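Report on one structure; see the data block that follows.
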Amino acid sequence: MPKADAHLIQRLQQSPDGDFHLILRVAGDVADVAERLRATPVEVRHALRLIGAVAVRAQGKEALRLLDEPWLVRMEEDRPVHALS
């Protein structure tokens with residue numbers, strides 16, 4: 001299974017300098033991954049321990065680089081959630 005949707009990968013490639021809000025589902029300790037990411041150009045927004053993920057903001061080129069990380073299970077776009085009224 002690919003680590004990211006083909007449409008997302010295409011958007012990242014088309015906008016290497018654009019900012020993307022992403023959810024990174026990780027294998028292993030979320031806090032360790034978040035700490036590792038803080039040493040990179042990626043902005044860690046939230047460590048989501050309950051779901052084993054990290055919410056980040058990253059440029060397209062940095063997000064593409066993350067796809068090669070062995071700890072990354074899945075990359076998804078962090079989109080707004082709207083409740084039905």
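Since the model is a prediction, treat every value here as computed from it, not as a measurement.
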Which heavy atom of Ala27 sits nearest to which heavy atom of Val33, and what is that distance?
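So the minimum-distance heavy-atom pair works out to O-CG2, 4.5 Å.
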Which pair of non-hydrogen atoms, one from Ala63 and one from Ala58, has the smallest distance, and what is that distance?
N-CB, 4.3 Å
Take Leu12 and Met75, measure what side-chain contact (heavy atoms from CB on, under 4.5 Å) needs, and give me the verdict at the end.
CA-CA 12 Å; Leu12 296 171; Met75 178 185 292; 4.0 Å; yes
Run the salt bridge (charged side-chain N to carboxylate O under 4.0 Å, His left out) test against Arg57 and tell me which residues pass, sequence neighbours left out.
Glu43
List for me each residue that meets side chain to side chain donor-acceptor pair (under 3.5 Å) alongside His21, sequence neighbours excluded, and say none if there are none.
Arg45
Are Leu64 and Val73 linked, directly or through intermediate hydrophobic residues, by side-chain heavy-atom contacts shorter than 4.5 Å (ILVMFWY only)?
no
Indicate yes or no: at least one non-hydrogen side-chain atom of [X] is less than 4.5 angstrom from one of [Y].
X     : Y     : value
Phe20 : Glu62 : no
Leu24 : Trp71 : yes
Gln13 : Ile9  : yes

Show me the pairs that pass salt bridge (Lys or Arg N to Asp or Glu O under 4.0 Å) and involve residues 15-26, at least two apart or across chains.
Asp17-Lys61, Arg25-Glu76
Measure the spacing between CD1 of Ile23 and CG of Asp78 and express it to the nearest 0.5 Å.
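The distance works out to 3.5 Å.
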Which side-chain N or O atoms in residues 1-8 pair as donor and acceptor under 3.5 Å with protein atoms at least two apart or in another chain?
unit_1 : atom_1 : unit_2 : atom_2 : d
Lys3   : NZ     : Leu67  : O      : 3.3
Lys3   : NZ     : Glu69  : O      : 2.7
Lys3   : NZ     : Leu72  : O      : 3.3
Asp5   : OD1    : His7   : N      : 2.7
Asp5   : OD1    : Leu8   : N      : 3.2

List the atom pairs, with distances to 0.1 Å, where a side-chain N or O of residues 34-42 and a protein N or O form a donor-acceptor pair under 3.5 Å, not counting sequence neighbours.
unit_1 : atom_1 : unit_2 : atom_2 : d
Thr40  : OG1    : Leu37  : O      : 2.6
Thr40  : OG1    : Val42  : N      : 3.2

Run the side-chain donor-acceptor check on residues 47-54: report pairs under 3.5 Å with partners two or more places apart or on a different chain.
none

